[in-house]
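Written below as structure tokens is the structure these notes are about.
Side chains are part of it too, since the values below use all heavy atoms of this structure and drop only hydrogens, waters and symmetry mates.
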Amino acid sequence: MTAAGGSRPPQTPSKRSGVPNLVLLGLALLLPALSLLPLGSLWLWQNGYVIYWAIATFVVVSIAFVVLRRIMLPLAETQETAKPEDVPKVIWNARQEEAWKDVLELARTADTSRLAGREELLGLGLETVTLVAKRMHPDHSDPLLRFTLPEAFAVIEQASAGLRHFAETSLPLGDRITVAQIMWIYGWRTAIPIIEKGYDLWRLIRLVNPISAATQELRERYTRQIYDMGREHVARRLTEAFVKEVGKAAIDLYGGSLRVSGARLAQHVTEASARDSVHLAEVAAEPIRILVAGQSGAGKSSLINALTGSIDAIVDVLPSTDRFTAYRIAREGLPEAMIIDTPGVDPDPKEVAELLGAIGNSDMVIWTVAATRAARALDRATLDALRASFRDKGQIVPPLLIALTHIDRMRPFAEWSPPIDLVNASTTKAKNIRAAMEAIADDLALPVQRIIPVRSDTERYNIDALWAAVLDALPEAKRSRLQRCLRAASGWNWRTVLSQAANAGRVISRNVLRPDQGP
């Protein structure tokens, strides 16, 4: 009761009352364990068991040390082997894959102590981003700034989604603990030096019993080594994970992978395919573009007839050139696809550049080589120019297959009784065909497995084997299509610029010229 006769209002508990309660609870839990150390040592001393306890402790800790060391070492060795998460993304081009190799090397060699502080952590992240930026834009003096605003927002969005998933699935109580509670725990970091000083004081006190003290020191030394091994392993994993995640985001940012959204990319049809599909009612999706090339007389036209079964010309003459013809092709297991017929390979640089441009708009190349023609220098020169062109642009060459035609005209001429066993090669014809395949593989710098001998005239042979090779290379072709669509969708587009200007004009008109009308 107060002096005025009224009742005293109830007192609210202090906001800090929870802190002493937690401290008392912690002491209550630790006190029994802490009391066992001096009381247990005293009991061992009184009963004469100290020596036995020291020997038993030494043996047990030694065994545990050896066992855990054998467990930890294989875990550390697995860091050197390739992991599934180390595989580059399908959408990455050749230059992005080179940048990923740099990131993996940095993740493997980065000092784990760089996770100890905020400045060191930021420095490691900046080093990773700089490494990627220089690899992706080696010709620019300011590679760190080579990204657009939408790309910056996209990488922030991706990183936020990844961090949220980590907090919800891999962080204990990550979906429950609040930021305030984290800050409170962080505030207690100043108590660590006090605890360490108390532990050092306890080490001096227990010297009253030298044998027990020596035993505990030995045990703690082994325990600390085991702890250090585990801590180093965890620190290595965390360091590698941090560098890889930052590296992946940087590669997407500087490589242009974030310039186009996934929904827009899935609906995009390139200009080349739209032009080739001018007589189709609609284009469901960007087709797989298969280009057939080779020297004149190598049998490109008859091979296309054999592959398509029946010619369905989309356009007889393309607007850009009168020498490239596109056909629609359908096959079980093959998605929407086009096959592009090309003129014969010509050594003229202008002709080579035109052919390389067509290959740049293709997802797979079938190169026809006549088995009866030994002169392959022109084929090799053109393929070398193709590889150099893609390498300079930081792109991956589409999958390349060799159709070895005219095998029926090889010696001996009269010997033709398919099927031909090229594995055992018991006949002279089979041996000659096998020798031609190996020579072509060496001349054109290709694996012999990518060379398929065929006969594509009226008496067709081994066309199904060529189709099987096409379907085997389909994952690579889809990857080329994805990268090709990404380049086309993220390129300069006047319609996009005009749309952006129109939208900007509406915003200015609504918010500047007529602010009183509201949005």
Side-chain angles (χ1 to χ4, degrees), residues 94 272 275-276 289-307 315-327 338-407 409-410 432-433 435-448 450-457 466 469-470 473 477 480 484 487:
R275 183 182 63 238
D276 294 345
R289 298 173 61 87
I290 304 174
L291 183 137
V292 180
Q295 295 191 45
S296 298
K300 294 188 302 298
S301 298
S302 60
L303 181 65
I304 291 176
N305 282 329
L307 289 173
V315 250
D316 293 329
V317 178
L318 299 184
S320 60
T321 176
D322 60 351
R323 300 182 305 145
F324 289 80
T325 307
Y327 303 97
M338 292 181 182
I339 191 165
I340 315 297
D341 193 7
T342 64
V345 175
D346 194 294
D348 181 31
K350 182 179 179 181
E351 303 293 336
V352 172
E354 191 173 10
L355 177 61
L356 296 183
I359 295 177
N361 283 323
S362 302
D363 309 312
M364 184 185 301
V365 178
I366 300 177
W367 199 273
T368 57
V369 177
T372 55
R373 180 179 296 172
R376 290 184 282 269
L378 182 57
D379 295 298
R380 176 59 185 263
T382 307
L383 291 178
D384 285 345
L386 168 66
R387 296 181 180 111
S389 174
F390 275 75
R391 182 176 62 249
D392 294 341
K393 296 176 183 178
Q395 300 171 6
I396 297 177
V397 180
L400 177 63
L401 301 176
I402 300 295
L404 181 60
T405 60
H406 300 167
I407 58 173
R409 304 178 190 177
M410 298 188 70
N432 289 339
I433 294 175
M437 294 172 59
E438 294 174 352
I440 291 172
D442 185 60
D443 291 343
L444 304 186
L446 285 169
V448 71
R450 288 291 175 105
I451 301 176
I452 301 91
V454 297
R455 181 176 179 178
S456 55
D457 57 6
L466 179 58
V470 169
S480 295
R484 178 172 57 83
R487 292 194 301 270

Within the structure provided, determine whether [X] and [Y] are in side-chain contact (heavy-atom separation under 4.5 Å).
X	Y	answer
Ile359	Phe390	yes
Pro347	Val352	no
Lys300	Thr342	yes
Met338	Ile290	no
Ser480	Met364	no

Give me the atom names and distance for the closest heavy-atom approach of [X] to [Y].
X	Y	value
Arg380	Asp443	NH1-O, 2.6 Å
Ala477	Pro399	N-CG, 3.8 Å
Thr372	Arg409	CG2-CB, 3.7 Å
Arg450	Leu401	CD-CD2, 3.4 Å
Ala370	Thr405	CA-OG1, 3.6 Å
Ala371	Met410	CB-SD, 3.6 Å

Checklist line | Step-by-step salt bridge (charged side-chain N to carboxylate O under 4.0 Å, His left out) determination, Asp379 to Arg376 | finding: CA-CA 5 Å; Asp379 295 298; Arg376 290 184 282 269; over 6 Å; no
Checklist line | Ala435: side-chain contact (heavy atoms from CB on, under 4.5 Å) partners, not counting sequence neighbours | finding: none
Short question: side chain of [X], backbone of [Y] - any donor-acceptor pair under 3.5 Å?
X	Y	value
Ser302	Gly299	yes
Thr382	Leu378	yes
Asp363	Arg289	yes

Checklist line | Audit row: Leu386, Val397, side chain to side chain contact (heavy atoms under 4.5 Å, CB included) steps and yes/no | finding: CA-CA 8 Å; Leu386 168 66; Val397 180; 4.2 Å; yes
Notebook entry, point to check: Out of Thr368, Val369, Val448, Leu466, which residue meets the side chain to side chain contact (heavy atoms under 4.5 Å, CB included) rule with Ile402?
Noted result: Val369
Check: Considering the options Asn305, Ile304, Val292, which one meets the side chain to side chain contact (heavy atoms under 4.5 Å, CB included) requirement together with Tyr327?
Finding: Ile304
Could you tell me the separation between the [atom1] atom of [X] and the [atom2] atom of [Y], rounded to the nearest 0.5 Å?
X	Y	atom1	atom2	value
Ser389	Asp384	OG	CG	12.5 Å
Leu303	Asp457	CG	CG	11.5 Å
Asp346	Gln295	CG	CD	10.0 Å

Item checked: Check against side chain to side chain contact (heavy atoms under 4.5 Å, CB included), Leu291 and Ile366 -> CA-CA 6 Å; Leu291 183 137; Ile366 300 177; over 6 Å; no
Next item on the list: Walk me through it: do Trp367 and Ile440 pass the test side chain to side chain contact (heavy atoms under 4.5 Å, CB included)?
Entry: CA-CA 12 Å; Trp367 199 273; Ile440 291 172; over 6 Å; no
Next item on the list: Report the C-alpha distance between Val454 and Leu404 in whole Å, list the side-chain angles of each, state the deciding distance to 0.1 Å, and finish with yes or no for side chain to side chain contact (heavy atoms under 4.5 Å, CB included).
Entry: CA-CA 6 Å; Val454 297; Leu404 181 60; over 6 Å; no
